[in-house]
There are 2 protein chains.
Amino acid sequence: MALLLLLLKWLQWKFLITDQAEEVYTGFIALFFTVLGIWLAFRLRSPEVRTVIVEKEIPVPLTADAGINETELQKLNLSSREYEVLQCMSRGLSNAEIAAELFLSVSTIKTHASNLFVKMDVKSRTQAIEKSKRLRITP
Amino acid sequence: MALLLLLLKWLQWKFLITDQAEEVYTGFIALFFTVLGIWLAFRLRSPEVRTVIVEKEIPVPLTADAGINETELQKLNLSSREYEVLQCMSRGLSNAEIAAELFLSVSTIKTHASNLFVKMDVKSRTQAIEKSKRLRITP
DNA sequence: AAAAGCCTCATACTTTAGTACCAAAAACGG
DNA sequence: CCGTTTTTGGTACTAAAGTATGAGGCTTTT
C-alpha cells in the first residue's frame with residue numbers, strides 16, 4: 001500500500017512536470033485503481049463453498065435388537081406376557097422351559113401361546129417364530 | 001460506463017472550479033475506481049466453487065439370504081433332503097405340509113427330521129429353526 | 001360399582017411332533 | 001461288483017403342542 005502511494009506520488013509529479021493533459025493523467029489513475037480493485041477483489045474474496053452431500057450406503061450387520069419393528073409389534077396388540085412367551089419361543093424353548101424361565105405353569109404358557117397364535121393369525125409356534133422373525137419383532 | 005465517465009467529468013470539473021487540492025481529488029478518483037474495480041471483479045468473475053463432498057452413511061440392513069453361511073452349513077454335514085426339510089421347517093411348515101410340498105409321506109419327513117436334529121445337535125424343530133437362523137443357513 | 005382386559009392355573013381332549021426300530025430301493029464311490 | 005450312504009416309508013409308541021372351557025384374582029376403565 002505504501003509502495004502504491006509512492007508510485008502514485010511519482011506519477012502525479014511526473015505528469016505535472018511534463019505538463020500533460022489532466023484527462024490523460026486522470027485516465028491513468030482510474031485505470032490503475034480499477035486494476036487495483038480487481039486485484040484486491042480476487043485476493044480478498046473468499047471462494048464460494050458448495051457443499052455436496054453424497055449419500056453412501058454402508059451395509060450394517062443388523063445387530064440383534066437394533067431393528068425391532070415397534071410398529072408391527074403394536075399392530076399385533078400382544079400383552080406383555082404374550083410377548084415374553086413369543087420371545088422365548090423364538091429362542092427355541094419348549095413350553096416347559098418357558099414355564100421354568102418365567103416361573104409359571106405349563107398351563108399358563110399354553111394359554112398365552114393359544115391367545116398369541118390367534119392374535120398373530122398363525123396356527124403353530126413354528127409359524128409364530130417365522131412371522132415374528134420376518135416382521136423383526138424378535139431378534 | 002458512459003454514466004460513470006460523465007460522473008468523472010463532473011467531479012473533475014467541480015474540483016477544478018473549487019480549486020481543491022489535487023491530492024484530495026486524486027484520492028477520490030483512486031477510491032472510486034478501486035471500488036469500481038472490486039465491483040467489476042465481483043460482477044464479471046465466474047464464481048470459484050470449491051465443492052466439498054461429505055459422505056453421509058446410510059445403514060442398510062443386510063438382506064436375509066445375502067449371507068448364507070456355507071461354512072457352517074457344511075460343518076453340519078446335512079444331506080440334500082435333510083436340508084430341504086430344514087428350509088421348510090424354517091418357513092413354519094408342519095410335517096404334513098412339508099410332506100405335501102416335497103411329495104413325500106409324513107413318515108419320511110419324520111425320519112429326515114430326526115436325523116436332522118441329531119446332526120444339528122438340537123432336540124426340537126423350534127431349536128433347529130433358531131439355530132439355522134442364527135447360523136444363517138436358512139433365510 | 002360394573003365391565004373389560006389381563007394373568008394365572010386347571011382339566012380334558014385332539015393333534016402334532018418326535019423317537020425307536022425296521023426295511024427296501026436307489027445312488028454313489030472305490 | 002460290493003459296501004456305504006441316502007432316500008423312502010412303515011409301525012408303534014411317547015412326548016409335546018395345541019384347543020376348549022372354566023374359574024379366580026387383579027388392574028384399569030367407564
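Letters A, B, ... are given to chains in the order of the sequence lines, protein chains preceding strands, and every chain is numbered from 1. As the structure is a prediction and not an experimental result, all values here were calculated from the model.
Rounded to an integer number of Å, the gap from A:Arg81 CZ to C:dT8 C1' is 9 Å. If you take CD of B:Glu82 and C1' of D:dT5, they are 11 Å apart, rounded to a whole angstrom. Atom C1' of nucleotide C:dC6 and atom CG of A:Asn77 are separated by 12 Å, given to the nearest angstrom. Put simply, CG on B:Leu102 is 15 Å from C1' on D:dG9, counting in whole angstrom units. Put simply, CG on A:Leu104 is 13 Å from C1' on C:dC6, counting in whole angstrom units. Between the CD1 atom of A:Ile98 and the P atom of C:dT8 there is a distance of 13 Å, given to the nearest Å. Taking atom OH on A:Tyr83 and atom C1' on C:dC7, their separation rounds to 19 Å, with Å as the unit. Computed from coordinates, the A:Glu84 CD to C:dC6 P distance equals 15 Å when rounded to whole Å.
At D:dG10, one or more side-chain N or O atoms of B:Ser105 fall inside 4.0 Å of OP1 or OP2 (strictly under the cut-off). Considering only side-chain N and O atoms, B:Ser80 lies under 4.0 angstrom from the phosphate OP1 or OP2 of D:dT7. Between A:Thr108 and C:dT8 there is no side-chain polar atom (N or O) within less than 4.0 angstrom of OP1 or OP2. The side chain of B:His112 contributes an N or O atom lying less than 4.0 Å from OP1 or OP2 of D:dT8. OP1 and OP2 of C:dT16 both lie 4.0 Å or more from every side-chain N or O belonging to B:Asn95.
Without hydrogens or angle criteria, A:Ser114 side chain to A:Thr111 main chain gives no donor-acceptor distance under 3.5 Å. B:Glu130 contributes no side-chain N or O that, together with a main-chain N or O of B:Thr126, makes up a donor-acceptor pair within less than 3.5 Å. With B:Lys131 contributing its side chain and B:Val122 its backbone, the two residues share no donor-acceptor pair below 3.5 Å. In this structure, the side chain of B:Lys110 does not engage the main chain of B:Asn95 through any donor-acceptor pair within 3.5 Å.
Taking a cutoff of 4.0 Å between a charged side-chain nitrogen and a carboxylate oxygen, A:Glu72 and A:Arg136 do not qualify as a salt bridge.
Comparing C:dA17, D:dG18, D:dT8 against the side chain of A:Ser124 picks out D:dG18 as the nearest.
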**Request:** Begin with the C-alpha distance, continue with both residues' side-chain angles, and end with the deciding distance and a verdict on side-chain contact (heavy atoms from CB on, under 4.5 Å) for A:Leu76 and A:Glu82.
**Result:** CA-CA 11 Å; A:Leu76 294 178; A:Glu82 286 162 355; over 6 Å; no

**Test log, rule side-chain contact (heavy atoms from CB on, under 4.5 Å), inputs B:Glu97 and B:Cys88** = CA-CA 9 Å; B:Glu97 290 168 330; B:Cys88 289; over 6 Å; no

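Rounded to 10 degrees, the angle between the two end axes of the helix from C:dA1-D:dT30 to C:dG30-D:dC1 is 50°, with five pairs used at each end.
Among the heavy atoms of the strands lying under 4.0 Å from B:Thr111 is at least one base atom, whether or not backbone atoms are also near. Nucleic acid contact for A:Ser79: sugar-phosphate only, since backbone atoms but no base atoms lie under 4.0 Å from a heavy atom of the residue. Looking at heavy-atom distances under 4.0 Å, B:Ser114 makes contact with a base.
When the nearest nucleotides of DNA chain D are assigned to B:Lys110 and A:Ser94 by heavy-atom distance, the more 5′-ward of the two goes with B:Lys110. Taking the nucleotide of DNA chain C with the nearest heavy atom to each of A:Val106 and A:Lys119, the more 5' of the two is matched to A:Lys119.
Nearest heavy-atom pair across B:Thr138 and B:Ser90 is OG1-OG, 3.1 Å.
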